[in-house]
Amino acid sequence: MADLSIDMCGIKSPNPFWLASAPPTNSGEQVMRAFDAGWGGAVWKTLGNPIVNVSSRFGAVDYNGQKMMGFNNIELITDRPLEVNLREIAEVKKRYPKHAVIVSLMVESKQEWKDIIRRSEDTGADGLELNFGCPHGMCERGMGSAVGQEPAVLKEITSWAKEFARTPVLVKLTPNVGDILEPGYAAVDGGADGLSLINTIKSIVGVDLERMVPLPRVGQFSTNGGYCGPAVKPIALHMLAVLARDRHTNRLPISGIGGISTWRDAAEFIALGATTVQVCTAVMHYGYRIVEDMIEGLSGYLDRHGMKSVKELRGRAVGNYREWGELDLNYNVVAKINGDRCIGCQLCYIACLDGAHQCIHLPEGPCRGWHGEPDHGKHPRLEPSPVLFHRHPDPSNRQVRVPVVDERECIGCNLCALVCPVEGCIEMVEVPNNQGFESWQDRVAKGTDKVPGGLYD
Amino acid sequence: MFDSALSGVRLEDQLPDAKPLYTPGQARAEAERCLYCSDAPCVRACPTEIDIPTFIKKIATDNVLGAARTILKQNILGYSCARVCPVEVLCVGSCVYNDWHREPIPIGKLQRFATETALEEEARGGPRIFTPKPAGPGARRVALVGAGPASLACAAYLALEGHRPVIFEKRALPGGLNSTGVAPYKLHLADALAEVSYVLSLGVELRQGAVGEGVSPEELLQEYDAIFLGLGLGEDNRLGIPGEDGPGVYGATAFIERLKTDQSLTLNGLRRALVVGGGNTAIDVARELAQLGVPDVAMVYRRERASMSGYAHEMAQARMEGVRLVERATPLAVLRDGERVRGLRVAISGPEAGEQDLLAEGIFLAIGQSKLRAVASLFPGVTLDSRGCVVVDPISRRTGNPKVYAGGDCINGGKEVVNAVADGREAARHMIQDWPTAEAA
Ligand SMILES: Cc1cc2nc3c(=O)[nH]c(=O)nc-3n(C[C@H](O)[C@H](O)[C@H](O)COP(=O)(O)OP(=O)(O)OC[C@H]3O[C@@H](n4cnc5c(N)ncnc54)[C@H](O)[C@@H]3O)c2cc1C
Ligand SMILES: Cc1cc2nc3c(=O)[nH]c(=O)nc-3n(C[C@H](O)[C@H](O)[C@H](O)COP(=O)(O)O)c2cc1C
Ligand code: SF4
Ligand code: SF4
Ligand code: SF4
């Protein structure tokens, strides 16, 4: 079995699966149950001067029967007394010496940072995470994302923390910025030992249309919250990849966070450069028990691919994340429908017809696909496409509902394969070409980049 | 509206809904599974071509009123159809999930949820699903014979367009077989009558009277702009064997009608019942008797199981409820001890050929219904085919008399409620199309 153990800038844990700083790491009792379930580390719910929370606090986006594909909260940092948290952290660390316990912190003044870091480290915790990400409530008080959005402030506070800390310092970034490299550079320049990202994305999760109050509702008002859960994973992956391929920021190990629910999600984060991953929403949804499958699934994957340790996976996909201008303009795929698997829902047909390139046809009955010469839409299409009545030789055959792709007209966009409900039914197949690799940048270099049909042609 | 008919206790009360109403959460969860197919096969399989994916998506977005509108626009009796349609061989049987070997979308239950919710809200004074056009000077008067699904649908669509339909019904209760025939575990009398009340609320008039007896066809032809025949079928057929006449032998539909409407009916002393026939009516009676606690119910069918015209899914349910099947058995005589039925003598064909006496206290004949040839023939120009069905143009449902249309069981010999609705709707559309000044107002 592959070795899952991790050393992230000196913080060791038996596996890369950590709980993110959030309700699942609110108390010692919870963190110990999580460790028993298999979690390798926990970032304690952010400590600072205690706050009061509101009720209610959470909202969610459900999609087509799937609950909580996006999750939103307006909770602040811990509302428990500092001393209680510190005592529990010390006890957890004593009972679970091999697990990673990281203390998340958020205070204001330099003195406060000095004092809270000393008291946190006195618990025996393995490291610190500076919460510069919370985009609601705390930022109105000049903390959280208010820091994460100001590179100069971020750098300064990071350097304070480094001045006082004996254990490794991770900086948790907010995604609520235009360019993640700016806070990334600031963290590096402030001396951070590692990065964590993403914290939540500023959001309004919905509106109560009866009361005309956004959600979640606190009496007659609401406020913006932070968005997380499966819906934010693509945003997190992008920010992670940007940091992972930049020479300045990729010197630091990164703890990837945002929408991770399965081992596959985790593997994707690791392939794009994460050393560890952190999970919040999926645990709030299903509980600590999900880690069993995460561990088993990740090691199974590593074994199948002949990787002896999770370190071998780290960053493997980073090099293949390129600028658009570096992509091969001569590469082509077309859709191929497997008639044996097709269930005849014709979603591919309607999607291609209304949302792509009108190149999927129906074998029987009226068909609105493009019946002119294949030209990828280059020529005028003003007349309504004539409806042709196709005739299938055997209308009783179930194949009459299997659509047909006009491969000459298909532009290989993937849409049909994405809407098809049946796994493996539509395959995007590479079309061989003998033109070789040629990117936009290659064309620019050769001076062949001009595309006819523009403003001055 | 029909409170007195519903006040007492009837045997059908003992047969609970086989498919209870979904809660909103259940409905939404199922609705969200629908793929929203393009040119959906479920729609093609619906004789009234309800836009199923559209109404299901509306349920998913909590637009239940809109869902009901989508359904009732195509099928004004979408409520009873949701409950009585053999969906297994229609929409649900065509759902693409079947081909995927996954549980198909429960279209009937979703349709019930949408229509029942919206109709009940409207009945309580909530938003109207449809607002009929007001009847103007151009409004036409149409007489409809029989208050079954065919006429109710035809009348409803006429009323919605601002015309004045009048239904003549010979029975005390309207609704046709929805009220008197359909198995109670699918649809109870009260629910069938509630749907009739909705149709009447659209501006349909109901009068009691038998056309051809109290009501004269000539007068109808004179007084009305068009006639619609929704007669249904007649009496249960008889076997024509010795001992058949007398107590203890029941026509199946006559018996079911009493089960649903007659407060005096009891099944005291009935321990063994024989149901003669292999169609859906036979299966229905057998299931009803079994569910009502008759310990031994057997169907007697003249050929082997595979040739039965009843639906396989219904027969499977019947077997689960303990109904036995005696195959290849042709009735020869009803056996009696004096007045009392003792059993049925049958001739068994096939490998174990021979005569056999099947013992029972009650015998139920479900071997088809007669055709109401006489009434139809009272309208000049209306013709019958060799089976006794009224002959109509398949598109317009017009008979040989250009003023007379027909639909439902009297033209198809006995199909489903949904076919009767399709006929009624199409007849209404064609009447309106064919009238010189199409607009009512
Ligand atoms: C036992 C049984 C169970 C069934 N179960 C189902 C089922 O589960 N699902 C399904 O879809 N279908 C079922 N059917 C079939 C379905 O009930 C019929 O197809 C449908 O009711 C036909 O509608 P209709 O309007 O043509 O006729 P009917 O429903 O028969 O209505 C005809 C009406 O006309 C009246 N009438 C007749 N002659 C005159 C006259 N001269 N003057 C005035 N009124 C007259 C009758 O009293 C009756 O009310 C069942 C049928 C039977 C017999
Ligand atoms: C209810 C709630 C409270 C949170 N509180 C904190 C917090 O105190 N400190 C912090 O750094 N992040 C906090 N977060 C953000 C999470 O740690 C994490 O960055 C984010 O939820 C993305 O991960 P996920 O998609 O797995 O939930 C909170 C998130 C939620 C949902
Ligand atoms: S989307 Fe897939 S299953 Fe549906 S018709 Fe197209 S190929 Fe067949
Ligand atoms: S890949 Fe795009 S263009 Fe090609 S058939 Fe599919 S939807 Fe149409
Ligand atoms: S066939 Fe099934 S999945 Fe497709 S639209 Fe109809 S009910 Fe929905």
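Computed over heavy atoms, backbone and side chain alike; hydrogens, waters and symmetry mates excluded. Within every chain, numbering begins at 1; the chains are lettered A, B, ... in the order of the sequence lines, protein sequences first and strands thereafter.
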Name the region of A/Arg341, side chain, backbone, both or neither, that has any atom closer than 4.5 Å to a heavy atom of chain B.
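For A/Arg341, neither part sits under 4.5 Å from chain B.
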
Side chain, backbone, both or neither: which part of A/Cys348 has an atom under 4.5 Å from a heavy atom of chain B?
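For A/Cys348, neither part sits under 4.5 Å from chain B.
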
Counting heavy atoms not belonging to [X], are there more than 12 under 6.0 Å from its [atom1]?
X        : atom1 : result
A/Arg211 : CZ    : no
B/Glu304 : CD    : yes
A/Arg264 : CZ    : no
B/Arg128 : CZ    : yes
A/Glu423 : CD    : no
B/Arg319 : CZ    : yes

Counting only non-hydrogen atoms closer than 4.5 Å, does B/Arg102 touch chain A with its backbone (N, CA, C, O), its side chain (CB onward), both, or neither?
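Answer is neither: B/Arg102 stays 4.5 Å or more from chain A.
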
So what's closer than 4.5 Å to chain A heavy atoms on B/Ala29: side chain, backbone, both or neither?
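No part of B/Ala29 comes within 4.5 Å of chain A.
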
Which of B/Ala60, B/Pro41, B/Ala31, B/Pro53 touches chain A most, by non-hydrogen pairs under 4.5 Å:
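It is B/Pro41.
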
B/Trp100 versus A/Pro421, closest heavy-atom pair with distance:
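Scanning both residues completely, I find the closest heavy atoms to be CZ2-O, 3.0 Å.
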
Please find the pair of heavy atoms, one from A/Asn64 and one from B/Lys57, that lie closest to each other, and give the distance.
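Between these two residues, the closest heavy atoms are OD1-NZ, 3.9 Å.
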
[atom1]/[X] to [atom2]/[Y] distance, rounded to the nearest 0.5 angstrom?
X       : Y        : atom1 : atom2 : value
B/Ser94 : A/Arg401 : OG    : CZ    : 9.5 Å
B/Ser38 : A/Leu362 : OG    : CG    : 7.0 Å
B/Tyr36 : A/Leu347 : OH    : CG    : 10.5 Å

Would you call B/Val96 and A/Gln346 a side-chain contact if the rule is heavy atoms closer than 4.5 Å?
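A side-chain contact under 4.5 Å is absent here.
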
